[in-house]
Q: 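One structure, pasted below without further comment.
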Amino acid sequence: MINEKSFDKLVQGKQVGLYTIESTTGLKAQITNYGAKIVTLYVPQSDGNMVDVVLGFKTLDEWLAQEVYFNGINGRVAGRISYAQAEIDGELYHFTQNSGEHTLHGGTHGFNDKVWDVQEVTANSISLHYLSPDGEEGFPGNMHVVVRYVVEGNDLNIYYDANTDQPTIINLTNHAYFNIKGEGNGTIHDHTLQVMADEYIPYDDKAVPLGNVATVDHTPMDMRDPVLIADRIDLPFFASGLGIDNGWALPGWDKHTEKQPLQLAAILEGGGRTMETWTTFPCMQVYSGNYVEKHVGKSGQTYDVQCAICLEAEMFPDVIHYPLFPNTILRPGEEWLHTTVYRFL
């Protein structure tokens with residue numbers, strides 16, 4: 001476990017802390033209100049040992065010096081907004097360009113780089129609040145966001161709740177980097193991955209969607225049966241030598257419905273462990289740590305490309321530009337509610 005005192009610091013004029021929550025079965029997470037990040041996630045083993053299955057750093061100073069999206073909440077809009085602009089109700093808004101011509105994960109200082117307010121902490125849960133002011137990174141409206149982490153049994157539940165005072169766009173996700181053999185324990189090549197989707201979202205060579213969905217049949221995107229990651233990750237279909245960074249359209253998605261019943265979206269296996277991802281979001285973005293650049297992690301091991309995998313349940317990418325995709329505009333008087341569950345078997 002990481003010493004909570006190493007996160008006791010004033011950042012952005014707010015107090016940062018590290019909070020430990022634990023389920024009755026021993027699943028234990030340490031959460032910081034800097035970026036609403038999962039700092040550690042310990043999964044109990046049959047032999048009584050605990051294995052930390054997410055990448056990260058040991059001290060807050062290391063997190064501040066190496067902001068690489070590890071395990072935080074990405075927003076206002078996770079993923080890319082093409083050409084850093086979007087039209088909402090006939091008005092064109094321009095956002096911060098921080099990925100070439102595009103906006104990535106909310107801009108230069110997205111939600112992952114903000115100090116959230118701690119609302120409530122219990123033995124097995126923590127609620128964090130962030131007010132994103134009107135105009136932040138170019139986004140309209142004052143947006144209130146609450147993220148609640150709850151550990152129950154062998155589940156890590158993430159609950160999202162947001163509202164706004166002006167029409168705006170939203171797409172939140174947690175960007176946890178998993179290696180379920182244990183963080184710092186080699187690559188994820190020997191993991192198997194199953195994605196419960198018949199369709200995927202084609203991208204161009206800049207990872208921007210083409211605006212349609214396509215069948216996974218006869219493509220490397222067909223992971224309806226478990227696939228050894230080593231057999232797919234370096235195929236030319238993906239970013240050869242880097243890995244997977246692609247989105248799947250989950251069953252039941254509909255352009256008129258942004259939220260679905262909680263459903264099983266993906267299964268990851270490795271090191272004798274299994275992790276299921278359940279979600280109400282319509283899209284599963286899979287990212288295999290393609291740009292992890294030799295960071296020294298919390299156990300002293302060096303992280304490198306393909307040493308972890310992110311299973312990012314979210315809205316369709318760049319959805320504001322494509323009428324076929326489910327709605328991502330949040331309006332005053334509406335409440336934006338979603339759930340993602342990481343379940344260890």
Q: Can you name the residues that form a ring pair (Phe, Tyr, Trp, His ring centres under 6.0 Å) with His191, not counting sequence neighbours?
A: none
Q: Under 3.5 Å, is there a donor-acceptor pair between the Gln306 and His189 side chains?
A: yes
Q: Do NZ/NE/NH1/NH2 and the carboxylate oxygens of Asp204 and Lys206 come within less than 4.0 Å?
A: no
Q: Regarding Asn290 and Ser288, do their side chains bring together a donor and an acceptor under 3.5 Å, going by distance alone?
A: yes
Q: Does the separation of the ring centres of Phe95 and Phe139 fall below 6.0 angstrom?
A: yes
Q: Distance only, no hydrogens: is a donor on one side chain within 3.5 Å (strictly under) of an acceptor on the other, for Glu312 and Asn174?
A: no
Q: Measure the spacing between CG of Asp155 and CH2 of Trp278 and express it to the nearest 0.5 Å.
A: 9.5 Å
Q: For Asp217, is there an ion pair with Arg224 - N to carboxylate O distance below 4.0 angstrom?
A: yes
Q: Would you say Asp245 and Tyr203 are linked by a side-chain donor-acceptor pair, where the criterion is simply a distance under 3.5 Å?
A: no
Q: I want to check a possible cation-pi pair here: Lys37 against Tyr34, using under 6.0 Å from ring centre and within 45° of the ring axis as the test.
A: yes
Q: Give a yes-or-no answer on whether the side chains of His102 and Ser82 include a donor-acceptor pair shorter than 3.5 Å.
A: no
Q: Apply side-chain hydrogen bond (donor to acceptor under 3.5 Å, both in side chains) to Thr32 and list each qualifying residue two or more places apart in sequence or on a separate chain.
A: none
Q: Just checking, any donor-acceptor pair under 3.5 angstrom between side chains of Thr96 and Thr103?
A: no
Q: Any salt bridge linking Arg331 with Asp89? Criterion: basic side-chain nitrogen under 4.0 Å from a carboxylate oxygen.
A: yes
Q: Do NZ/NE/NH1/NH2 and the carboxylate oxygens of Asp161 and Arg148 come within less than 4.0 Å?
A: no
